[in-house]
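Just so you know, these numbers come straight off a predicted model, no measurement behind them. Values below: every heavy atom of this structure, side chains too, minus hydrogens, waters and symmetry copies. Along the sequence shown, residues carry numbers from 1.
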Amino acid sequence: DEGTGRLDGRSAEAFADSLSALEAGMGDAAKLALHMKLAQVRAKLAEQRGRPLTDAEFAKALDGKTLAELDTLA
């Protein structure tokens, strides 16, 4: 059922909680790959906006996204 969970972007805290829930069944390599993907997405969004995103802005940008959808953003 991996990949069906969604990120919760209502706040930075909710985002962190939802990310932890998605990571729960992952091994170390999968967690590392996920965090690298998140870093790529954050960098791309910052490039589009011309400035770094706050944690809250990043969470909001990924609200409701699945792990599979992150691939299309990166």
Side-chain angles (χ1 to χ4, degrees):
D1 223 25
E2 200 174 298
T4 58
R6 294 192 177 272
L7 292 164
D8 182 348
R10 290 174 294 159
S11 69
E13 294 78 19
F15 181 80
D17 290 344
S18 65
L19 184 58
S20 291
L22 290 173
E23 289 178 332
M26 292 182 179
D28 289 341
K31 287 180 189 176
L32 179 60
L34 173 59
H35 283 271
M36 289 174 66
K37 178 84 56 199
L38 288 170
Q40 288 176 327
V41 170
R42 191 168 190 149
K44 187 168 217 168
L45 290 171
E47 185 180 313
Q48 289 172 354
R49 295 178 190 205
R51 63 175 175 76
L53 278 71
T54 66
D55 289 344
E57 288 173 324
F58 184 59
K60 186 174 182 180
L62 297 184
D63 187 35
K65 299 283 188 250
T66 65
L67 295 181
E69 290 171 322
L70 288 180
D71 289 337
T72 61
L73 295 174

How many angstroms lie between atom CG of Leu53 and atom NZ of Lys60, to the nearest 0.5 angstrom? 11.5 Å
Quick one: closest heavy-atom pair of Ser11 and Ala59, and the distance? O-CB, 3.8 Å
Atom pair CG (Leu22) and CG (Leu7), whose distance is rounded to the nearest 0.5 Å: 5.5 Å
Show the nearest heavy-atom pair for residues Pro52 and Glu57, with the distance to one decimal. O-OE1, 4.2 Å
Does CD in Glu47 sit with more than 12 non-hydrogen atoms of other residues, nucleotides or ligands closer than 6.0 Å? no
For Thr66 against Glu69, the heavy-atom pair lying closest together: N-OE1, 2.7 Å
Rounded distance [0.5 Å steps], CG in Leu70 versus NZ in Lys65: 9.0 Å
Can you tell me how far CG of Leu73 sits from NZ of Lys44, rounded to the nearest 0.5 angstrom? 8.5 Å
Out of curiosity, Leu34 CG to Lys31 NZ, how far, rounded to the nearest 0.5 Å? 10.0 Å
Interatomic distance, Met26 atom CE to Leu32 atom CG [nearest 0.5 angstrom]: 11.5 Å
Counting neighbours of CZ on Arg10 that are heavy atoms of other residues, nucleotides or ligands and sit closer than 6.0 Å, is the number greater than 12? no
Test side-chain contact (heavy atoms from CB on, under 4.5 Å) on Asp55 and Phe15; report intermediate values, then the result. CA-CA 9 Å; Asp55 289 344; Phe15 181 80; over 6 Å; no
Arg42 side-chain N/O to Phe58 backbone N/O, donor-acceptor pair under 3.5 Å: no
How close do Ser18 and Asp8 get, heavy atom to heavy atom, and via which atoms? OG-N, 2.9 Å
